[in-house]
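Values below: every heavy atom of this structure, side chains too, minus hydrogens, waters and symmetry copies. Start at 1 and go down the list; that is how both ligands and their atoms are numbered.
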Amino acid sequence: MITPQPLIDQFQRRISYLRLSVTDRCDLRCAYCMPERQTFLPRSEVLSLEELHQLALGFIARGVTKIRLTGGEPLVRRDMIELVRALGRQAGPKSGGGLEELTLTTNGTQLAAFAADLAAAGVRRVNVSLDTLDRARFAELTRRDSLPQVLEGLAAAKAAGVTVKINTVALKGVNEAELPDLIVWAHGQGFDLTLIEVMPLGEVETDRFDHYLPLDAVRQQLEQRFTLVPSAHRSGGPARYFDVAETGGRLGLITPLTNNFCADCNRVRVTATGQLYACLGGIEQVDLRAALRSDDPDAQLSAALDRAMAIKPERHHFAIRAPGAVPALPRHMSLTGG
Ligand code: SAM
Ligand code: SF4
């Protein structure tokens with residue numbers, strides 16, 4: 001086997017983790033993520049299943065060991081499970097394919113239909129985004145009354161033996177008071193839960209400043225009720241973990257605004273049209289679709305990845321400023337995925 005030439009950026013960080021968006025479309029409309037009337041990419045611009053597969057193999061050939069499929073909502077793309085099956089054959093210790101972990105981030109609405117197939121294709125863990133267990137609040141926040149489907153999806157994932165981590169965006173005046181109950185519920189189900197600070201990405205109708213909750217304040221609140229013991233656990237992403245003594249579960253905190261974690265960054269993101277974003281919080285971009293559609297796709301893709309390493313910035317500079325401030329970046333999180 002040829003040893004892959006690893007992807008190392010200009011700050012000597014080894015890039016081993018790809019977040020690959022398979023669609024920017026979604027069946028929910030979370031108020032902090034996108035406007036009610038979101039304009040989606042024309043389907044003709046989106047990479048085909050074969051192109052997504054080839055692109056992922058190009059990353060694996062350069063030493064990427066973890067791939068997270070994301071979106072938009074990855075499970076609304078009809079041929080998505082085919083990609084999971086194809087990549088699943090590359091994953092796991094026995095495959096010899098170099099991919100150690102294949103996972104996805106989903107809103108869970110379609111999980112009931114797909115959980116068993118995902119498990120059979122080699123997906124061992126999924127992140128499910130869930131901000132509230134209150135049906136009315138869920139319907140208001142996501143603009144769709146889909147909480148029962150999400151809960152059904154979570155049960156199906158559990159039954160299929162897929163490990164679930166819940167991701168919750170902490171929102172002032174929305175789910176703030178519910179966070180302790182969410183943690184108790186998730187841990188009772190055997191799910192880890194990670195809280196995330198809302199980031200200024202893309203125009204939405206609400207003002208994110210109104211709902212921004214710094215997680216250091218949330219942590220202090222939680223410590224009134226729980227004993228949070230710092231944990232050495234790492235999941236290969238930006239979360240920092242605590243063991244919760246009272247529940248026996250794990251709590252993660254992702255703090256893009258209050259606590260910069262860029263020094264350990266090991267990832268890049270690719271949109272469904274093949275645009276590589278070197279940083280979630282930056283504009284540095286490389287067109288991988290052009291490489292894929294060139295005369296020599298493997299070589300061009302590898303060269304494009306080297307260009308990405310040269311432009312990956314040292315850190316992001318997110319800030320939630322005053323009310324009414326324009327978003328720091330014009331693109332929505334549904335384009336680059338989470
Ligand atoms: N639709 C899938 C889902 O919701 O899990 C995958 C894509 S979604 C963009 C990935 C994650 O980004 C979700 O956990 C969501 O809550 C989070 N997210 C979306 N917009 C965000 C924002 N502006 N700030 C922080 N997190 C955001
Ligand atoms: Fe869709 Fe996920 Fe964005 Fe919600 S956070 S609108 S589920 S892409």
Using a strict 4.0 Å cut-off to heavy atoms of [X], name the atoms of ligand 1 that fall inside it.
| X | value |
| --- | --- |
| V198 | 24 (N), 25 (C) |
| C33 | 19 (C), 20 (N) |
| T70 | 6 (C), 7 (C) |
| S129 | 3 (C), 4 (O), 5 (O), 13 (C), 14 (O) |
| V169 | 16 (O), 26 (N) |
| G72 | 1 (N), 2 (C), 6 (C), 7 (C) |

Would you say the side chains of [X] and [Y] form a donor-acceptor pair under 3.5 Å?
| X | Y | result |
| --- | --- | --- |
| T106 | E73 | yes |
| R289 | T273 | no |
| T163 | R124 | no |
| D306 | Q5 | no |
| D134 | T132 | no |

Short N/O distance, under 3.5 Å, between T106 and ligand 1?
->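 Yes.
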Any N or O of T105 that comes nearer than 3.5 Å to an N or O of ligand 1?
->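 No, since none of the N or O atoms of T105 sits under 3.5 Å from an N or O of ligand 1.
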Look at [atom] and say which protein heavy atom is nearest, naming residue and atom and giving the distance to 0.1 Å.
| atom | value |
| --- | --- |
| atom 16 (O) of ligand 1 | Y32 OH, 2.9 Å |
| atom 2 (Fe) of ligand 2 | C26 SG, 4.4 Å |
| atom 3 (Fe) of ligand 2 | C33 SG, 2.4 Å |
| atom 12 (O) of ligand 1 | M333 CE, 3.3 Å |

Would you give the length of the straight line joining atom CG of L69 to atom CG of L52, rounded to the nearest 0.5 angstrom?
->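 Those atoms lie 8.5 Å apart.
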Distance from R25 atom CZ to M34 atom CE, nearest 0.5 Å?
->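 Answer for the CZ-CE pair, R25 versus M34, is 10.5 Å.
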From the candidates M199, M34, R68, the one that places a heavy atom nearest atom 22 (C) of ligand 1 = M199
Considering only heavy atoms, which of T105, T106, N107 lies nearest to atom 7 (S) of ligand 2?
->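 The residue whose heavy atom sits nearest atom 7 (S) of ligand 2 is N107.
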Just let me know how H332 lines up against ligand 2, side chain, backbone, both or neither, with a heavy-atom cut-off below 4.0 Å.
->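 Under 4.0 Å from ligand 2, H332 contributes no heavy atoms.
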Test item, P200 contacting ligand 1 (heavy atom, 4.0 angstrom) |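 So P200 does not count as touching ligand 1.
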Compute the minimum heavy-atom distance from E197 to ligand 1 and say whether it is under 4.0 Å.
->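 Yes.
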Run the numbers on R85 and E82 for salt bridge (Lys or Arg N to Asp or Glu O under 4.0 Å), then give the verdict.
-> CA-CA 5 Å; R85 288 197 183 109; E82 299 305 323; 3.1 Å; yes
Check: Y32 ring centre within less than 6.0 Å of H332 ring centre | no
Could you check R240, R14, R13, R234 and say which one makes a salt bridge (Lys or Arg N to Asp or Glu O under 4.0 Å) with D264?
-> R240
Check ion pair R293-D287 (N to O, under 4.0 angstrom) | no
Within C30, is some N, O or S atom less than 2.8 Å away from atom 4 (Fe) of ligand 2?
->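 Here the distance criterion (N, O or S atom, under 2.8 Å) is met by C30, so yes.
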